[in-house]
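Both backbone and side-chain heavy atoms feed into the values below; hydrogens, waters and symmetry mates do not. Treat the numbers as computed from the prediction; the structure is a model and nothing was measured.
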Number of protein chains: 2
Amino acid sequence: MPDILEDADRHCAKTGARLTPLRRRVLELVARSGAPVKAYDLLSQIDRSSTSAKPPTVYRALDFLIEAGLVHRVEALNAFVACPQAGHGHAAVLYVCESCANVTEVQGARPGQENKPPGFTVKRSVIEHYGLCVDCPKP
Amino acid sequence: MPDILEDADRHCAKTGARLTPLRRRVLELVARSGAPVKAYDLLSQIDRSSTSAKPPTVYRALDFLIEAGLVHRVEALNAFVACPQAGHGHAAVLYVCESCANVTEVQGARPGQENKPPGFTVKRSVIEHYGLCVDCPKP
DNA sequence: CCTTAAGGTGTTACGTTATTACATCCGCTC
DNA sequence: GAGCGGATGTAATAACGTAACACCTTAAGG
């Protein structure tokens, strides 16, 4: 797969977003873990390198990365995953395996809008499916 | 609109779920507020009547109500709304107005499964759309 | 009647997640 | 080098959620 970090560099160069060392490091940590990562886990991993990171450090970096479309927040898990395709950020559908924690992201196809209430303007959607991926045994 | 509490009574009588006074009271509080309610807000409202409610009290009641399909959790808000139709619980699509906080629930039409990864078995879906309802001014 | 078991609630304590507010620093422009 | 804006450091605390255990009621079975 294409390198997420290089992808992010290119994407930020193009959009003017400032991918600082700290933000890049947080993205790297999120990307390395194949699964959703908790903010405080990131925190303790950063901790090991720098002096002693505090919550706002990592939350600010995550806010930036989400805004830049490089990371998704998994709402029902209070966790974060790297977006495999920089910039597609805000239109993702996530399939989360409850057994192995693997997350698959599907782009496009923003469903549910057909039945939407009349006159409602959608700005942001949270679409997360939980279940079992093809590799995990069905109980 | 049909009375949510009576609806809940009927639904629980049919399914054998035990809608105790405490649980009924929590449902009432959630239903009265037209908007998503926070667990700790419920807590302080219960507080006023009974001696002094603690977090597990309200979280246990909410767990029951969600399980019974009477309440939905709004994942991206850490909040809760009453389901207008008892029992349709687990298949809801929510439209949340970010201006007036009103929530409209649409049943059926569980989208997104067309593009799902091969072999993935969906057990539960979180589908929440955020934006502006028809009554709120567009910025 | 007494015992037992199950489910619900009360209570304490704690763990986890997230934000506010303010200080500091770095790079840029004038 | 003064001033500015964005990024980061730091302390404190708010907001959200759960574990563990005690107690009580209710229903079933002897």
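Side-chain atoms of A:Glu105 do not come within 3.5 Å of backbone N or O of A:Cys83 as any donor-acceptor pair. Between the A:His11 side chain and the A:Ala68 main chain, a donor and an acceptor come within less than 3.5 Å of each other. Under a 3.5 Å cut-off, the side chain of A:Gln45 and the backbone N or O of A:Leu29 do not form any donor-acceptor pair. Here the side chain of A:Lys38 pairs a donor or acceptor atom with the backbone of A:Leu77 at under 3.5 angstrom.
Here C:dT9 presents its P atom at 10 Å from CG of B:Leu65, a figure rounded to the nearest Å. The nearest whole Å value for the distance from the CG atom in A:Leu62 to the C1' atom in D:dT8 is 15 Å. The CD-C1' distance, from B:Glu67 to C:dG8, rounds to 16 Å in whole Å. Regarding A:Leu22, its CG atom lies at a distance of 14 Å from the C1' atom of C:dC25, rounded to whole Å. In this structure, the CG atom of A:Leu19 is 13 Å from the C1' atom of D:dA7, given to the nearest Å.
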Requested in this report: Decide side chain to side chain contact (heavy atoms under 4.5 Å, CB included) for B:Asp9 and B:Arg24; before the verdict, give the C-alpha distance in whole Å, the side-chain angles of both, and the deciding distance to 0.1 Å.
Outcome: CA-CA 9 Å; B:Asp9 287 332; B:Arg24 199 169 187 279; 2.8 Å; yes
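A:Arg18 has no side-chain polar atom (N or O) that falls below the 4.0 Å cut-off from OP1 or OP2 of D:dG6.
Classification of B:Asp7 and B:Arg10 as a salt-bridged pair holds, one side-chain N sitting under 4.0 Å from a carboxylate O.
Across all strands shown, A:Thr57 has heavy atoms under 4.0 Å from base atoms, whether or not it also approaches the sugar-phosphate.
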Query - Nucleic acid footprint by protein, nucleotides 14-21 of chain D - heavy-atom cut-off 4.0 Å, B for base, S for sugar-phosphate alone - result: --BBBB--
